[in-house]
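Let me begin by presenting the structure, written as structure tokens, before commenting on it.
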Amino acid sequence: MSTIDTASTPSPVLDVKGLSVTLRTPRGTVRAVNNVSFQAQAGKTLALLGESGCGKSMTAKAIAGLLDPVAEVEEGQMILDGQDLATMTARQRRKVAGPQLGIVFQDALTALNPVYKVGTQLGEAFRIHQKLSARQARSKAVELMQRVGIPEPESRVDAYPHQFSGGMRQRILIAMAVALNPSLLIADEPTTALDVTIQAQIMALLRSLREENNLAVVLITHDLAVVAEEADTVAVMYAGNVVETGTVAEVFANPRHPYTRGLLESVPVDAVRGSTLSSIPGNPPELHNVPSGCVYQSRCPLVQEVCRITRPELLPVRPASATAAPGVHHPGTVAQAAACHFSEELAHV
Amino acid sequence: MLVYLRKRIISSLLPLVVVVVGVFALARLTGNPASLYLPLNATDQMRADFTARQGLDQPLLVQMADYFGGVLRLDFGESLRTGEPAAAMALRAFPATLQLAATTMVIAIVAAVLVGCWAALKPNGIADRISSFVSMAAASIPDFWLAIVGIWIFAITLGWLPTSGVSGGEAWILPIATLMLRPFGVLVQIVRGAMVSALSEPYIKLARSKGASDARVVSHHALRNAAAPALTVAGDLTVGLVNGAVVVETIFGWPGIGKLMIDSILQRDFAVLQAAVLITAIAIFVLNILIDLGYALLDARVRPTVKA
Ligand SMILES: Nc1ncnc2c1ncn2[C@@H]1O[C@H](COP(=O)(O)OP(=O)(O)OP(=O)(O)O)[C@@H](O)[C@H]1O
Ligand code: SF4
Ligand SMILES: [Mg+2]
């Protein structure tokens with residue numbers, strides 16, 4: 001890391017570098033996540049944006065150390081608070097899970113254990129990491145429920161998951177993830193299964209938790225409106241690859257990858273929340289059938305011969321405003337970068 | 001809870017009556033006890049007297065009405081063989097069966113949970129394959145065959161264990177080993193299946209995301225969820241154990257309810273047979289209530305009084 005970078009941006013809470021995850025399938029081993037890099041800063045939200053199946057959840061689970069048995073981190077670093085998660089033992093990772101890293105899973109609404117009281121489940125992190133007694137953990141659970149805005153926590157703490165609405169369950173899960181004040185919170189599509197009004201409440205809760213605790217948030221979504229409203233930086237994923245990254249302001253104002261451009265054009269300006277990314281014609285390649293060359297070639301309107309031969313790397317792009325110097329892609333910076341042979345040409349299209 | 005109990009008792013009453021009626025009728029199909037209890041050269045007059053004394057000359061329906069009338073007054077009739085009240089004989093034999101069945105099930109369940117969990121931790125791993133083979137074999141060996149082979153090897157050939165009776169701890173080994181094999185085999189497969197599916201549920205990942213260790217994930221999160229299906233099957237197996245007990249008690253001379261049933265069938269001792277069947281049916285009824293209570297303890301969603 002160069003001195004200039006450390007001066008301009010604080011070192012990230014999470015620094016993912018060249019992460020690749022392989023997946024064993026009946027049709028052979030494939031790469032579900034390929035050479036993915038991004039950073040999350042304290043007090044900021046990074047959005048991982050992409051269509052269904054592009055590897056967002058896989059990336060999140062790799063960071064949390066909770067990949068399915070068929071998946072495996074092949075290479076890369078995941079540096080959390082200065083320590084590389086990828087080289088940790090299972091025991092070390094368990095120590096991190098909770099106190100440093102909280103995660104809200106995509107299938108969250110069914111994730112609570114049906115046979116235990118929510119208070120027991122909320123208190124579990126304290127029992128495991130702080131060795132609190134059942135009674136102490138219960139009062140911590142009440143505090144947590146208060147913190148995430150669950151009414152009547154004193155009595156609700158002894159209720160079971162099926163006695164809560166979807167929105168309340170999501171609050172409980174978020175409370176669980178932030179119970180031990182981690183530095184990083186990963187939220188995997190935290191609002192997809194919820195009503196629109198509840199979605200807004202959950203996003204507001206995440207925002208206030210982030211601000212109060214200076215949390216670094218990785219927000220996984222396929223909702224452009226959510227990215228625009230909630231995120232500071234964005235990493236756009238396609239078929240397991242990050243194809244464009246940068247600040248939300250820059251990327252949305254001046255997308256430098258045809259896929260990002262397609263996404264933004266496909267949604268009307270007054271986009272409603274919850275509109276999904278499905279309006280680009282065609283489908284992403286299947287994992288065992290990712291072409292050599294550019295991953296986006298089968299749907300790209302600008303595809304050229306070179307795109308089929310060499311895969312474009314994720315490289316910093318020259319800022320659209322001609323006076324500024326080219327961004328330097330370095331850990332800790334949020335310079336806009338795109339993986340397209342023609343990203344410069346896109347600057348002024 | 002009381003509402004639930006009342007419902008349960010009412011809904012169980014009919015099957016109970018059906019069982020007793022069925023046994024009552026079937027028992028009389030096995031023939032007239034007169035031929036067993038009178039000397040071979042008994043005259044027809046002696047037979048007729050005996051039959052009349054026992055009320056066996058009455059139409060079946062009248063006999064049945066008499067019997068149920070007696071049952072309502074807690075009079076279950078007397079043993080033809082010994083003249084003792086039938087209920088007393090059944091109650092005397094029952095604890096022996098209960099002890100045997102309870103010990104067998106406790107051992108079978110504990111062993112099956114350990115082996116089933118071990119197998120479920122790595123589906124298709126080596127432990128899983130071994131346990132799958134062993135449990136399959138255990139579940140499919142007939143218990144009478146096992147009992148005879150067991151007696152032959154350990155009691156007769158090696159002389160380590162007694163062939164029959166209830167004297168001392170060793171006498172328990174063969175009957176329990178014989179009886180537990182099938183429940184053990186079946187339960188290993190159930191526990192394994194339920195654990196594999198519980199371990200793939202989202203709440204397992206959630207627990208791990210809080211830093212829970214493997215041991216905690218298995219014992220706190222998966223096992224409690226896997227317990228419900230295992231409980232159902234364990235209940236059925238315990239009921240099935242009563243059948244097994246008939247065979248095993250007869251082979252090992254275990255003075256339980258199973259042996260009493262067989263003896264009373266062979267002796268056409270109808271009152272004792274009926275009392276034995278009734279007490280067994282009541283035991284099964286109580287067991288089913290206990291299982292329902294077990295569910296409610298395990299999982300709040302099936303608690304009858306809890307409203308969402
Ligand atoms: N356990 C698994 N077994 C087989 N394939 C899997 C498994 N988990 C994920 N995949 C595949 O890996 C790819 C990436 O999945 P991932 O869940 O990361 O997608 P995602 O971007 O989160 O999509 P979504 O928006 O639908 O959640 C998909 O093609 C998916 O089908
Ligand atoms: S490299 Fe070629 S195919 Fe890929 S996005 Fe750029 S223009 Fe399209
Ligand atoms: Mg996902």
Side-chain angles (χ1 to χ4, degrees), chain A residues 57 60-61 63-70 90-118 120-130 158-165 169 172-173 176-177 179-180 182 185-186 188, chain B residues 113 119-128 191-192 194-232 291-308:
Chain A
S57 297
K61 286 188 248 179
I63 297 165
L66 297 168
L67 284 170
D68 299 328
V70 290
R91 175 185 288 266
Q92 289 170 318
R93 295 206 78 158
R94 284 204 295 274
K95 286 231 165 73
V96 170
Q100 279 169 271
L101 190 164
I103 179 166
V104 178
F105 292 104
Q106 183 168 2
D107 46 11
L109 297 187
T110 56
L112 287 163
N113 195 328
V115 301
Y116 288 109
K117 293 172 182 168
V118 295
T120 314
Q121 301 187 57
L122 279 165
E124 188 172 17
F126 300 99
R127 306 263 300 162
I128 294 173
H129 293 280
Q130 301 179 353
D158 290 324
Y160 288 86
H162 69 276
Q163 297 169 308
F164 288 86
S165 67
R169 262 182 266 172
I172 291 167
L173 286 151
M176 235 173 248
L180 300 173
L185 173 67
I186 303 174
D188 193 349
Chain B
V113 165
L121 279 180
K122 248 189 162 223
N124 296 321
I126 188 96
D128 193 19
V191 170
R192 183 229 173 241
M195 283 299 285
V196 166
S197 92
L199 284 170
S200 68
E201 290 285 332
Y203 53 73
I204 295 298
K205 267 209 173 114
L206 180 66
R208 289 196 195 281
S209 79
K210 292 185 266 186
S213 62
D214 285 355
R216 187 179 176 95
V217 162
V218 168
S219 64
H220 274 62
H221 291 274
L223 200 54
R224 175 111 174 231
N225 280 280
L231 185 66
T232 314
I291 289 170
D292 280 0
L293 291 178
Y295 282 135
L297 273 183
L298 282 173
D299 190 341
R301 286 169 301 176
V302 299
R303 236 162 260 177
T305 47
V306 174
K307 285 268 163 357

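In what follows, every chain begins at residue 1, and chains take the letters A, B, ... in the order their sequences are listed. Just so it is clear, the values below take in all heavy atoms, side chains as well, and ignore hydrogens, waters and symmetry mates.
A 4.5 Å side-chain heavy-atom check between A:F105 and B:P202 finds every atom pair outside the cut-off.
For A:L66, the parts lying under 4.5 angstrom from a heavy atom of chain B are both the backbone and the side chain. Within the 4.5 angstrom heavy-atom criterion, no atom of A:I186 approaches chain B. Of the two parts of A:K95, neither the backbone nor the side chain holds a non-hydrogen atom closer than 4.5 Å to a non-hydrogen atom of chain B. Using a 4.5 Å cut-off between heavy atoms, B:S213 contacts chain A through both its backbone and its side chain. With a 4.5 Å cut-off on non-hydrogen atoms, A:Y116 touches chain B through its side chain but not through its backbone. Neither the backbone nor the side chain of A:L180 comes within contact range of chain B, judged by heavy atoms closer than 4.5 Å.
We find the CD-NE2 distance between A:Q121 and B:H221 to be 7.0 Å, quoted to the nearest 0.5 Å. A:L112 contributes atom CG, which lies 12.5 Å from atom CD of B:E201 (distance to the nearest 0.5 angstrom). Atom CG of residue A:N113 and atom CG of residue B:L206 lie 8.5 Å apart, to the nearest 0.5 angstrom.
With chain B as partner, the option from A:T110, A:V96, A:I103 having the largest number of non-hydrogen pairs under 4.5 angstrom is A:T110. Between chain A and the residues B:R216, B:H220, B:R208, the largest count of heavy-atom pairs under 4.5 Å involves B:R216. Among B:G211, B:A207, B:S200, the residue making the largest number of heavy-atom pairs under 4.5 Å with chain A is B:G211.
Judged as a side-chain hydrogen bond (donor to acceptor under 3.5 Å, both in side chains), and not counting sequence neighbours, the contacts of B:K210 are A:E124.
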